[in-house]
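Here is the structure we will look at.
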Amino acid sequence: MGKNIALIFVSAGTTKFNFNRLLKSLDRVALELNLKEKLIIQTRTNSYSFNFRNIEIKKEFSVKIMIKLLKKARVVIAHASPVIIFLAFKYSKNKPLVLPRLKRFNEHVNDHQHEFSQFFKKKTDNVIFLKQDNLQKQIRQYLLKPQRNKIRNNIISEPEELVAKLIKYTERIK
Amino acid sequence: MKLCLVSSRGGHLYQLYRLKKWWNCYEHFWVTGKGEDTKYFLKNEKVFYAHFPESRNIVNALRNTFLAFKILVKEKPDLIVSCGAGVALPFFYAGKIIGCKLIFIEPYDFVAYPSLTGKLVAPIVNELLVQHSSQKKFYKSSKYWGKTLL
């Protein structure tokens, strides 16, 4: 991967459900803005045909490359998985832009991503959750003016409490 | 003490992986799916591969049930742990029949209702751990021992 490629990284996760709704909005925004950056998209299922040309779509990247992409991307856009959000907190320059998958669009088995977003936005403002209406407008606005990641390098600690209790348990049942 | 770590790929795997300071203390093996994430995180680990996709997939659930008995009878783990997703179900039920102890950890992103896997394994587990104390209300004897992520 070249040293100075400007890019937007999009992660749709390892789930088999498509996320064409996000990809379509992104495509329109990229064309509208005449985006100079490359759109690199990780999606397991790809049934959307982009009009915007400067794209790379892969089912998945190696973890090492994914971390590089998170670090290099000007903006990270993701589905509402706590792990990708966590990794974006660790590595990315700006706050991640997140769209919860919804059951009614056949994007997941249920609406736990939506519920999780409602819960998580009360805990932190370090992630920008997209509202379900006017996706294009929100994405355009954020690509023009992203917000700095406040957590990066202030790394989230190890799960010490849970580890300690699990060790206590296994030592007891030995 | 031997552990069996059962996990779907992606976020479930990462959450369970975050508990390395615990599971690495004991002899252990993994049951998961093939992919870039498992290749990276489980590079030097002992891994068995189950059948995917497992989400609401009866055929793979049956195949995984046969696989579960095969693996568990051979490996004889003392404890089976999972943070989802559906692949845990056949392994937990097979494990229960064989006499393994079972811990299910509700995934971090369940905050408003119980996960389907959680509901289905709750009757047979030794411990059901939630990652937000507000999740405790969905499971009768669940406990909050902390979070894998933030």
Side-chain angles (χ1 to χ4, degrees), chain A residues 11-17 42 44 58-67 79-87 89-90 100 108-120 122-124 126-127 151 155-174, chain B residues 1-3 8-15 17-26 28 33 35-41 43 52-57 78-79 81 85-86 101 103 105 107-116 126-127 129 131-132 134-135 143-150:
Chain A
S11 175
T14 54
T15 176
K16 67 180 189 291
F17 292 94
Q42 175 272 314
R44 187 95 169 273
K58 268 185 110 166
K59 281 192 163 52
E60 50 183 318
F61 292 96
S62 73
V63 173
K64 281 198 171 123
I65 295 201
M66 204 164 122
I67 291 175
H79 72 153
S81 145
V83 169
I84 189 75
I85 292 172
F86 178 81
L87 292 174
F89 281 6
K90 263 182 106 140
H108 217 315
V109 294
N110 55 31
D111 282 335
H112 74 275
Q113 286 206 1
H114 165 71
E115 303 292 347
F116 173 69
S117 314
Q118 300 297 109
F119 169 85
F120 205 61
K122 292 185 199 148
K123 284 189 114 207
T124 176
N126 206 56
V127 48
I151 292 183
I155 273 344
I156 301 102
S157 55
E158 294 288 310
E160 284 165 356
E161 188 189 348
L162 182 48
V163 164
K165 293 217 162 91
L166 285 165
I167 290 177
K168 199 168 158 192
Y169 180 86
T170 34
E171 289 304 302
R172 186 165 52 86
I173 65 167
K174 246 178 167 177
Chain B
M1 170 61 49
K2 190 180 198 179
L3 309 180
S8 301
R9 292 183 45 205
H12 301 281
L13 179 77
Y14 190 72
Q15 289 175 57
Y17 187 83
R18 288 271 291 166
L19 304 174
K20 188 171 185 176
K21 286 203 168 128
W22 165 61
W23 46 256
N24 217 24
C25 295
Y26 309 100
H28 61 273
E36 290 294 341
D37 49 350
T38 48
K39 193 165 86 173
Y40 178 81
F41 290 109
K43 197 165 61 170
F52 289 86
E54 24 89 73
S55 179
R56 277 80 167 159
N57 186 317
D78 299 285
L79 172 63
V81 192
K101 288 216 170 341
I103 292 183
I105 305 174
Y108 188 89
D109 41 354
F110 280 86
V111 296
Y113 44 77
S115 66
L116 178 60
N126 296 89
E127 296 293 350
L129 306 177
Q131 295 195 55
H132 311 285
S134 50
Q135 270 306 80
K143 299 189 175 129
Y144 171 76
W145 283 1
K147 303 177 200 299
T148 56
L149 300 174
L150 311 132

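These numbers come from the heavy atoms of this one structure, side chains and all, not from hydrogens, waters or symmetry mates. Since the structure is predicted, the reported quantities are computational estimates derived from the model, not experimental observations. Chain letters run A, B, ... following the sequence lines, proteins first, then strands; residues in each count from 1.
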Under 4.5 Å, counting heavy-atom pairs only, tell me which of [options] racks up the most with chain B.
options	result
A:His112, A:Gln113, A:Glu115	A:His112
A:Val83, A:Ile167, A:Ile173, A:Leu166	A:Leu166
A:Ala164, A:Pro159, A:Ser62	A:Pro159
A:Thr15, A:Asp111, A:Leu87	A:Asp111

Residue part contacting chain A, namely of [X], when any heavy atom lies under 4.5 Å:
X	answer
B:Lys101	side chain
B:Leu79	side chain
B:Gln131	neither
B:Phe52	neither
B:Asp109	both
B:Ile103	side chain

Using modelled atom types only, decide if a donor and an acceptor are shared between the side chain of [X] and the backbone of [Y] within a distance under 3.5 Å.
X	Y	result
B:His12	B:Gly10	no
B:Asn57	B:Pro53	yes
B:His28	B:Trp23	yes
A:Ser11	A:Gln42	no

Does any heavy atom of chain B fall under 4.5 Å from the side chain of [X], the backbone, both, or neither of them?
X	answer
A:Lys174	both
A:Tyr169	side chain
A:Lys59	neither
A:Glu160	neither
A:Ile84	neither

Could you have a look at B:Lys39, B:Lys143, B:Glu127 and say which one has the most heavy-atom pairs with chain A under 4.5 angstrom? B:Glu127
Pair B:Tyr108, B:Gln135: side-chain N/O donor-acceptor within cut-off below 3.5 Å: no
Mind checking whether B:Phe110 and B:His132 have ring centres under 6.0 Å apart? no
Take B:Glu36 and A:Phe61 through the side-chain contact (heavy atoms from CB on, under 4.5 Å) test and state the conclusion after the steps. CA-CA 7 Å; B:Glu36 290 294 341; A:Phe61 292 96; over 6 Å; no
Quick check for you: to the nearest 0.5 Å, what is the distance between B:Gln15 atom CD and A:Phe86 atom CZ? 10.0 Å
Between NE2 of A:His114 and CZ of A:Phe119, what distance do you get to the nearest 0.5 Å? 14.0 Å
So, are B:Glu54 and B:Arg9 salt-bridged, with charged N and O less than 4.0 Å apart? no
